[in-house]
Every structure is written in structure tokens, then in C-alpha cells.
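Notes for the one structure printed next.
Order of the sequence lines sets the chain letters (A, B, ...), proteins ahead of strands, with each chain counted from 1. Keep in mind the model is a prediction, meaning the values are calculated, not measured.
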There are 2 protein chains.
Amino acid sequence: MVRHLQPHIRYFIAIAEELHFRRAAERLHVAQPVLSRAIRQLEDQLGVILLQRSRRNVSLTAAGSVFLEECYLAREAMKRAEQRAIKANKGESGRLIVGYTDFAINGVLPSILATFHSHLAEVSIDLVRCDSHEQLEAIEGGRLDVGFLTGPVSGAGLRQVTVHEAPYMAVLPYHHPLADLESVPLKALSEEVFVLGNMHTWRHFVSQIKALCFEAGFIPRVVKEAPNSDSIFGLVAAQMGVTIYPDCDLNHNRRDIILRPLADTEAKLITEMVWSSSSTNPVVARFVDVVTRTRTNRVPRCRQERGQ
Amino acid sequence: MVRHLQPHIRYFIAIAEELHFRRAAERLHVAQPVLSRAIRQLEDQLGVILLQRSRRNVSLTAAGSVFLEECYLAREAMKRAEQRAIKANKGESGRLIVGYTDFAINGVLPSILATFHSHLAEVSIDLVRCDSHEQLEAIEGGRLDVGFLTGPVSGAGLRQVTVHEAPYMAVLPYHHPLADLESVPLKALSEEVFVLGNMHTWRHFVSQIKALCFEAGFIPRVVKEAPNSDSIFGLVAAQMGVTIYPDCDLNHNRRDIILRPLADTEAKLITEMVWSSSSTNPVVARFVDVVTRTRTNRVPRCRQERGQ
DNA sequence: CACCACTGATACCCTGAAGGTATCAAAACA
DNA sequence: TGTTTTGATACCTTCAGGGTATCAGTGGTG
């Protein structure tokens, strides 16, 4: 144990507990005169008599009692400081700033965080809702420790692990003719009009959708851009158009839209956990470690059927 | 300001705040190399890198941030310890064990304590209900700081101040013939039977009542001994007898008994504040000081009349 | 009452931790 | 390329803090 309090304080505590200079000196492994002097100095500095000592008896004064209690608190505070620093160094304590997208928070992130919390309850996690490209900047700039964002990701100094892959689904209004099919060929959507997320916050995702359509041989006609998932689904339900969306929990809560797998593509929306390889925060390594080791537990999901 | 934390901690705090060794050194009035070494030693002792320092930049590691926060707490704890010790020495902080009797707690004590609390809120007062003679023993034995008890008091090493004098009153059942008088001569009670407190807890008080009667030329016939004030008044109301009781607030709350001043005596029940002249607790002196300086404010009391 | 055991305080010495000076090496910048 | 500025290193110095010897009351004991 490191000794961060002045020796005077340690000595005072020992003497106050023993109420005996020689015994306290033995306990502290110092010579008795050392204590006589230390207490005198302490009392001089404070201008307060702490110990009432006669030739035969040592007792605490009222001020000494008060000081002793407070010294205990200070000593505990100092011990705690050491221990927390050591734990923080091992990544077992501290703070972690985690970024997430809508896809992540509606997908795997909650269970990941719950798992991590059960492993290392002393780490406090700050969650920040942040678009994928903003997260990447923040991670590179050191403002974010870990990001959960839409891949693919490339960047020097970034490390990543895929935490989730969600197949793309066709999202159709309830009475749309294509909803009769078990699965929807991507090309079948070429004549449809699309509702998509706007380019500002959905940059990563929308450009992937567009690439997907391009590969299938058409350019999607976007009639509406929406800022968030609810708006997109609402507009589809309102028969403003169709859209393509990854298969995540969020979809299955609505009864006014139909989801169908895409037939002729294996493309998936990839959610990556990303962190900086130059990160100095040990909690990051710890977090990544826990997440990768427990990554296997996926939440099973049942297929939605139209009509009841 | 005394410096009770190891210099290392003070240095670490300064550097963490300045994030600059030279500036921190200036602020601390030490040479810069001192800080380089102190931090290295601190880090060695903890086994934790606290400051990430390149030739051009100093920044806190994650563990360093944690340690800094905890160091602040420890520093505050230590400052607080000093200040409380100094205050305790001046009697402005600390603990006071105060004894009281039923008469005191129903008389002047509440306002005295309220006044003291408004003067010195940092003193915590432990109140102990305790009979007069037990209080005297406890004060002499150092187990009690101040007592509020029934006088007169004599004892070497005891100091005292009279905080209240209450004239004795005749306490009569509601329909008692003597209740017709404005004031009751003590002798008129010589043929009555008495309800008094028992000798165990009411020793001081009962012996004074008996002395009073003896001076008036009779020995009171005690038919009932009761352990507390409520019992005494209840027994009087039940026409078991009369009693003599000091004039204090408690009396005036009952409608089934009548209080009349005693006509032919000036005797009063004296409540003394008593403390040990050898007391080492500065709070005692402070308390006594506050009480004696503000003793003048007595609570005025109106006379009770029979029959609405 | 003389004696002894034991207490905390004092006097004095010594060591090493902590502070100082000079300087270095790397980085940033003009 | 030279200059400035940074934290680190080497080495010297000093005094706070630790040690030993001893003192001076105190209380118990034969």
C-alpha cells in the first residue's frame, strides 16, 4: 500500500487508536521519539492540541476526536483514489463514451451493453446518438471511445469488429401487390418509387441502398426523404412509396407495412463496432474484449406474416 | 494552509490542471525537474501511467483522470479535517452531551438549545434524559458535558448558572375547596394528603417539597408516589390528593386540575446549568457563554383561571 | 520511604528523500 | 538551419524525518 498521506497523519491515527506512544511506535515500526515530535509538529501547524498527555495517560481532546474522524475519511479517500486509478488502468473502472446509430440501438447494442455492465459494473458508459460518419470522425479525433455504426468502414488507425449483419428487406405498403410474394426480387422494385432516409444523417445507409439498386440494374426513384425510421415507415404505410430496410426489431412492431426478404441479393446491412487502434483508454480494450468474447448470442427473431 | 497530503499528490493535481510541467512548477514554486521526478515516482508506486507526455504535449490518461477526481476528494477531506479540528478547538464544532430533567425539558431548555443551535449550527448536541443526581455524577465522571438539573447544587469542581426559577404552586383537584382562594397558604395543605414523585427519580425535587412543608410546620402525608409528571397530575385530577409543583408550561395544558400560587413562601424550584470546571471540551465553554449571554429572554406565561 | 518500572519529552546525530542547478534531446516553428 | 520550448536527466545540496541515549515525572511495591 502506497502512503500518500503525510506521515504525521498516519502517526496521529495510530497514537489516537493506541492511546499509547510506545505501542503506536511499535505498530508503526518507528522509534517512539519520532511520534512525540510528529504530534507536536502537527499540533503546532494546526494550532490545536489533539492529544492530552500526562506522564501516565494519553487521551484525545475534543478537537482530537473530531480530527481523528476526519482523518479516517481522508485516508479512505486516498486509498480509494489509488484503487480506482489502478482499476482504471486495468480497464475495470472509468468512463467510456460510446456512439451508436438507430440501427445499433434497435439491434444488438442493448444486449451488448447489458452484458458488459454485468461484467464490469464500475465502468460508467456515456451513450451518444451519432450518425455513422460523425462517429468515425469522433473516434479518430479521440472524442469517442467506441462507435457502433453502419459499415463497411475503412480508415487508417481504426479497428473494427462486425457485431451484426441484417439482411435487407423490402418494405411495402400493406396492400401492395408484391406483398403476395414470399420474397421480392430486387428488380421487381425498379418501377417503384422510393422513400429513403435523407442524405445528411443516413449517408452511409442510403448510399448502400443506391449501390444495391445500381447493381440490380436500376436507379431508384426517390420521391421522399425522411429524417428518421418512423417517418420512413409512416410514409410507406401512407402508400407514398416502398423502401429497403435492414431486418431489425424495429420493423416488426408495425401492422400497416409488410416486410419481405429480397430474393436476388445477399447484401446485408453491417453494424460494426469501431475503435481507434491508438486509443489509450484501457477500458476500450476491455470493452472490446468482453464484446468479442460474448458476441455469439444473437437474438432469434420470428418471421412476420400478413393477415393476422 | 497546512499541507497534509504527500507533495506528490499536490504536484500531480497542479500538473493535471495546467497540463504543463513548467507552468505547474511556477505555480507550486518549485523547480520543474522536481515535478518530472515526483510524477515518475508516483506512477512507479501506483504501477499506473497517469500523464501521457510527449515532448510537446501533456495529457491525462484515463486512469489519470480518475485519479485526479479522487485526489480532489481526498484533498477536500483533508482540508475539512483541518478546519473541523480548528473549529472544534474554538468550540465552534464538535459534539456536546447534554443532560436534562423533566423540569428542564418542559421549561427553558428548548429555547436555550434553539438559541445555541442558531449560534453554532456545527455543534451536534446529544440530549440525555437523566435525573439530577445522576447528572451530577456523570458530569464529575466526564460522561456528561453539561447538565440541566434541579438545584441547589454543591460540589467541588462544578460550575453552575441558574437558568430558571419557578415558584412553587399548589396543584389541586378541580373541585377542591382551596381552589376558591387567589393563593393558597402552605399551612392550609397540612391536613391534605399528597401525591408526590417517587424518591428514585425525583430525589432532589421531593426532598425540597418535604423541606418546604417542614418549615411550614408539618410533615406531608404522602399517599401515592408516581414516576412522572403526567401520573402526578392524573392522580391529583382523580382526587387522590394534592401536590406542590413548580410553575412551568406543562401545568397549563390540563383542564382537570387547578394551580394556585403558594401564599406564604418565596421558595422556588431552581434549574441550574452545571458543568465541570475541569472540562477540556471547548464546546462547553462556548455553550455556557452563549447561554449566559442570552439567558434574559424568558417566555412570558399567563395565569390560568378556573371555569373558562 | 527507597526503589523500580514505565511513561512521554528532550537533545543530539545521521541519512536520504526532496529540492535546486545545469544541461540534454526532441519537437515545433520561423 | 537555427531558435525556442518542452519534459527528462545528472548531479549536488539541504533539511525533514528517523535513530540513540537519556531525562524527568508517576505510580506501584516491598
Distance, rounded to the nearest Å, where A/I15 contributes CD1 and C/dG8 contributes C1': 10 Å

Nearest listed nucleotide, side chain of B/Y11, among C/dG19, C/dT21, D/dG17: C/dG19

B/S/- contact track for nucleotides 7-13 of chain D, protein heavy atom under 4.0 Å: BBB----

Nearest-angstrom distance from the residue atom CD of A/E26 to C1' of D/dG18: 17 Å

Length of the CG-P vector between A/L51 and C/dA9, whole Å: 9 Å

Ion pair check, B/K87 and B/E92, cut-off under 4.0 Å: no

Residues A/S93 and A/R84: side-chain donor-acceptor under 3.5 angstrom: yes

Spacing of B/H8 atom NE2 relative to C/dA17 atom P, expressed in whole Å: 10 Å

Ring center gap for B/F103 and B/F148 short of 6.0 angstrom: no

Any donor-acceptor pair under 3.5 Å from A/N198 side chain to A/T201 backbone: yes

Expected output: side-chain A/S276 to main-chain A/I139 donor-acceptor under 3.5 Å: no

Atom-pair distance (CG on B/L28; P on C/dG20), nearest Å: 10 Å

Residues that B/R203 engages under salt bridge (charged side-chain N to carboxylate O under 4.0 Å, His left out), provided they are two or more places apart: none

